[in-house]
Amino acid sequence: MRAAGRSVRTRLRDRIAANDPGLLRLTAGLRTVGAIALTLAVLSLLGADVHLLVAGAMAAMVATFAIREKQPGPQAVTLALGLPVALASVSLGAVLHSRLVAGDVFFVVLIFCAVYGRRFGDRGTALGLIGFQVYFLSLFVGATPSELPALCGAMALAFASSAVVRFALVPATPAGVLMRLRLAFRARLAQLVSAQIDLLDASAEDMDKALQAVRDGTARLHETAMMIQGRLEEGTPDEATARLVQRRIADAEIAAERLGLLLLTARSAERADTLTLHLPGAPAPSLAGPAVPDEATETLRRDLRALHALVLRTGSSDTGTGLAQVRNRLLGYRDEENLPSAPAAVQDVFRGIGEAARAVMGLRAALDGPQDESDDTPATARSREELDAEEAAIDGSGEEAEPEEQTGLRRPTTRAAVQVAVGSSLAIVGGELLSTQRWYWAVLTCWIVFINTSSTGEILVKGYRRLLGTVFGVVAGIVLAGLVGQHTWTAFALVLVLIFAMFYSAPLSYTLMSFFVTAMLGLLYTLLHTYSWEVLLLRVEETALGAACGVVAAALVLPVQTDRRTNELLGTVLERLAGVTEAAVAQLSGGPADELLDKSRDLDQALADLRAATQPLTHPVTPLRARRDTARYVVALLETCAYHARTLAATAELLPTHPSIAADPRLRGAAGRTVRNIETIAARVADAHADAKVETGPSIASLLGSDAGTPRYGRITDRVLRHLERLDEAVVGLARPLGVPVAEPRA
């Protein structure tokens with residue numbers, strides 16, 4: 001019974017970890033709600049009126065969510081600096097309350113400075129956000145000079161409450177966050193293996209659904225790997241440890257993605273295209289036939305379930321002879337003589353399971369330290385020796401190049417500051433025409449749609465989502481206000497629930513977050529005795545106006561068109577893809593070692609930025625369907641290219657420690673065409689008049705002189721050759737949707 005209870009708790013923990021990697025959303029929600037609750041408790045004990053309670057609650061919320069640094073020390077400094085900024089902002093808001101023109105001019109200047117401050121990093125962003133939000137708070141509660149002492153006291157209490165909750169009640173150290181992210185990676189890896197088991201068992205009718213689950217699981221695993229990458233520097237004791245964890249995470253991600261592709265190929269009538277795993281909505285390939293429960297399939301299903309169990313037991317609970325035997329059996333598939341009798345495609349899946357088991361063992365060794373080796377078989381011992389040799393060869397001396405800094409109006413923060421200042425000026429004028437009392441809602445919306453956006457299209461999509469969430473939030477606010485009535489503490493309790501939901505849902509859906517914000521505001525208006533149907537309707541009108549002003553400013557003032565933004569990011573992706581490919585091939589050809597994993601993660605980050613920038617083009621409501629399909633296809637092709645490039649980089653780093661993988665100087669010349677093609681496409685993206693053409697020709701296997709299409713194991717593994725060929729094909733495939741001419745192959 002006790003074991004069953006532990007099993008339920010473990011499954012629940014894994015599910016939470018997978019749905020909220022690092023518990024970052026849960027931490028943000030608990031900290032914000034805790035700071036507000038503590039502030040309200042103290043203010044109520046001091047006999048504060050409702051206006052002060054609302055002001056204190058909003059100040060506590062701002063003081064909590066504005067801080068972005070990862071280390072506790074810098075967080076404390078920013079919080080301490082934020083208090084005088086908040087006091088100055090609320091004081092100016094109260095003093096300028098009755099001076100219409102001066103107040104509006106100062107608000108615009110404050111908005112410009114707040115956005116411009118982003119160029120100074122997380123601290124500049126936080127202080128600008130505090131200054132703007134507290135000034136908005138003073139307008140919301142109608143602060144006057146006579147109320148300043150009480151308001152300043154509430155501000156100080158709110159910041160103190162935020163500090164107590166952040167550093168004492170809900171602490172989160174970088175090492176602790178990284179540990180939880182690693183648990184999330186393990187949980188998401190297990191979910192992906194489970195989806196792959198479903199893919200093996202799927203009927204023809206369920207194949208598309210099973211394939212989509214594998215796609216989603218692969219994307220979620222990659223998302224967690226990128227989150228870990230961003231936390232390694234602060235969360236590990238030294239650079240060597242960070243690079244070891246980075247390497248093991250990359251190995252596990254690549255092995256899991258490759259296993260999914262091999263499974264898909266085994267179920268298909270022909271070799272599955274890697275693009276199928278990356279293009280949303282792409283139909284599953286035709287099946288080779290119904291899933292026949294033969295001996296090889298049963299063994300494959302058993303071993304996939306064993307791999308799933310091995311992933312779930314990668315912590316300190318991985319003990320016992322039974323589990324060691326499972327691990328040894330799976331690792332044995334790395335030796336050709338241990339492969340079951342089955343078709344070649346199915347044997348490839350068993351090889352993939354062996355590589356995945358090795359990656360899981362390496363991940364555990366990196367995260368949990370030395371392991372028990374008493375039950376190792378010769379195959380397991382060889383895998384462990386390879387991992388130890390890789391760890392010894394890891395060099396933590398890599399240095400990151402400083403990005404080139406833009407100047408003047410080309411700097412994104414300067415351009416955004418000018419745009420939001422112009423948009424806010426329009427919002428002030430239009431907002432006051434709608435309402436001389438609550439014009440600031442239009443300004444708030446204009447400000448918010450510029451946060452974390454870089455093009456006119458992104459601002460348009462964000463404004464649309466905010467308006468949609470606001471409309472539904474108004475309906476919810478009406479219902480809640482009617483239910484709560486004048487029950488002050490019931491309303492505050494609901495406000496806390498809505499705030500937690502707002503922060504917990506923010507990274508998932510901007511529309512949902514806007515819904516919770518608007519519903520919460522309906523309750524706050526009720527508490528301030530200013531609630532009415534007209535007020536909430538005005539909130540929708542001001543929101544629509546603010547979004548429109550933001551779009552107009554972005555389109556007319558120093559505009560960055562979506563096409564221009566996506567082309568810039570596409571050029572960056574292609575540049576980094578060429579860099580990773582060239583460096584990996586050079587190392588596989590016998591060249592010097594390079595920082596391949598760092599280059600791979602830079603490529604992944606550039607691809608993530610491009611994916612986000614194409615959201616306006618791929619949004620479901622876009623009327624340009626052909627353009628939407630093209631954008632999705634290009635991003636999917638680039639994800640395919642990145643997968644192959646990552647795998648080549650990971651294989652190249654094995655050269656110093658794996659005698660089965662030897663350098664082959666012929667690769668440099670054979671893969672040169674692929675690198676030149678990437679550079680040609682990048683040149684065409686940068687200059688539409690460039691006349692270079694993409695080259696085609698014999699396969700890379702034939703260039704290496706391999707008649708059978710695969711080279712000898714002593715020179716380079718067939719896996720490397722496959723990835724090079726697939727990368728070459730995907731790069732040529734990019735030419736058509738991007739309008740790059742393809743040269744006819746030479747006779």
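- Contact detail for G423 and C549: the closest heavy-atom pair is O-CB, 3.6 Å.
- In this structure the side chain of R231 reaches within 4.5 angstrom of the side chain of L24, judged on heavy atoms.
- Between the side chain of R99 and the backbone N or O of V95, at least one donor-acceptor pair lies under 3.5 Å.
- In summary, the side chains of E69 and T78 do present a donor paired with an acceptor at a separation below 3.5 Å, with no hydrogens or angles considered.
- Looking at heavy atoms from C-beta onward, V449 lies in side-chain contact with T445 at the 4.5 angstrom threshold.
- Using modelled atom types, one finds a donor on one side chain and an acceptor on the other under 3.5 Å when comparing R539 with T518.
- The two atoms that bring G82 and I130 nearest to each other are O-CG2, 3.7 Å, heavy atoms only.
- Nearest heavy-atom pair across S161 and A35 is CB-O, 3.7 Å.
- Relative ring orientation between Y135 and F107 is described as tilted, the plane-to-plane angle lying within the 30° to 60° band.
- Looking at heavy atoms from C-beta onward, L538 lies out of side-chain contact with W441 at the 4.5 angstrom threshold.
- Using cut-offs of 30° and 60° for the angle between ring planes, the Y116 and F120 rings count as perpendicular.
- A heavy-atom distance below 4.5 Å is found between the side chains of L137 and M155.
- Checked by atom type, the side-chain pair S146/T144 shows a donor-acceptor distance below 3.5 Å.
- Side-chain contact between P507 and R25 is present, with heavy atoms from C-beta onward closer than 4.5 Å.
- Between F503 and F65, the ring planes are tilted. Angles from 30° to 60° get that label.
- Between D104 and E432 there is a side-chain heavy-atom pair separated by less than 4.5 Å.
- Pairing each heavy atom of L157 with each of T39, the nearest pair is CD2-O, 4.0 Å.
- Within the 4.5 Å cutoff, the side chain of E223 has heavy atoms near those of the R188 side chain.
- Atom-to-atom distance recorded for H222:NE2 and D604:CG is 4.0 Å, nearest 0.5 angstrom.
- Among all heavy-atom pairs drawn from A156 and L83, the shortest one is CA-CD1, 3.8 Å.
- In this structure, the side chain of S138 does not engage the main chain of V90 through any donor-acceptor pair within 3.5 Å.
- In this model, a donor atom of one side chain and an acceptor atom of the other lie less than 3.5 Å apart for R215 and Q212.
- Between F515 and F472, the distance separating the two ring centers is not shorter than 6.0 angstrom.
- Contact record, L545 with A442: CD2-CB, 4.1 Å, taken as the closest heavy-atom pair.
- Put simply, the side chain of M61 does not reach to within 4.5 Å of the side chain of T64, judged on heavy atoms.
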